[in-house]
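Shown next, in structure tokens, is the structure this report addresses.
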Amino acid sequence: MKTVRQVSAEFADQLSTIYDSNEVNSLCMMVLENIVNISSAKIKAFPETEISTSESEAITNILTRLTTGEPIQYILGYAEFYGLTFKVNPSVLIPRPETEELVDWIISSVGRSELAVGKFLDIGTGSGCIPISLKKNLPGAQVSAIDISPEALQTAKENAELNEVNVNFILDNILNPVNNSLLTTHYSLIISNPPYVTLEDKKLMHTNVTDFEPHAALFVPKDDPLIFYKAIAEFASTHLEKGGLLFFEINENYGKQIVEILFSKVFTNIELRKDMSGKDRMVKAQLN
Ligand code: GLN
């Protein structure tokens with residue numbers, strides 16, 4: 001029978017060309033914890049722990065998929081975000097740590113103000129990680145979310161059930177919305193992490209993103225990279241209540257342009273914020 005130590009060595013051997021050693025280590029821990037169901041503390045303390053033949057086979061299968069660059073979250077079928085678990089599959093983007101920072105900023109911005117018990121809308125919700133984590137932490141809000149993809153919306157609905165929160169999901173295209181409730185509601189908060197990756201950025205991206213994650217959630221046309229920001233700023237300028245807030249996750253290269261778009265739509269208190277890597281990553285603005 002194989003030991004935990006041998007499994008770790010196989011991971012290092014097969015994945016070192018595509019991941020750095022810290023990543024290999026955390027992938028190995030995630031897989032062992034998931035398949036063998038032992039804690040990472042126990043894995044580290046007792047490397048001679050033996051694993052069964054069936055567990056070993058399951059681990060080999062996962063390792064084979066990992067060597068193709070497939071993200072671990074798609075293989076295991078879930079991802080952690082803001083302390084919650086979300087189902088993920090190739091119809092949705094894997095939730096990112098930068099987006100956790102955005103959620104954190106939203107929660108601390110609305111705090112106990114009146115906005116916190118208003119209506120929220122998340123545009124391009126994907127797995128539903130933003131509206132679900134907001135509803136979990138601001139239970140007085142009425143939270144809605146839209147996406148153009150029926151498959152993504154189905155996943156987001158399952159995630160709302162999994163996390164036991166009530167979110168109203170709407171199938172629609174923010175570039176050409178038709179849903180009546182979407183168009184007639186005024187929101188206290190509008191949030192979006194729309195597609196923002198340009199072809200230039202794509203060249204620099206890891207293939208485990210470009211080969212596996214949904215392109216519709218990531219990429220924008222070369223000739224109009226801010227298409228979603230313009231449409232959402234316009235929508236928000238007519239669908240936020242007075243004093244309502246708009247939050248965006250953004251492409252680090254377009255902070256200035258996005259601030260200008262918001263300025264031109266008469267938003268005030270516009271604030272650009274960096275993520276933990278020091279890159280311009282999010283914007284907050286208030287409607288006058
Ligand atoms: N931050 C994501 C990435 O770099 C992109 C998210 C998006 O396009 N909204 O993979």
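All ligand and atom numbering here is 1-based and tracks the order in the structure. Excluded from the calculations below are hydrogen atoms, water molecules and symmetry mates; all remaining heavy atoms, backbone and side chain alike, are included.
- By the side chain to side chain donor-acceptor pair (under 3.5 Å) test, E252 is found to be paired with R281, residues two or more places apart in sequence or in another chain being considered.
- Near ligand 1, L93, R96, E98, N193, P194, P195, Y196, V197, M205, A217, L218, E249 each place a heavy atom less than 4.0 angstrom from the ligand.
- Between R273 and E101 there is no salt bridge, since none of the side-chain N atoms of the basic residue sits less than 4.0 Å from a carboxylate O of the acidic one.
- Residues satisfying the salt bridge (charged side-chain N to carboxylate O under 4.0 Å, His left out) criterion with D223, sequence neighbours excluded, are absent altogether.
- For L175, the side-chain contact (heavy atoms from CB on, under 4.5 Å) criterion is met by N173, I227, F228, A231, not counting sequence neighbours.
- Annotation: F248 is in aromatic contact with Y229 [ring centroid separation under 6.0 Å].
- At least one test fails for K136 against the ring of Y82: distance under 6.0 Å to the centre or angle within 45° of the axis.
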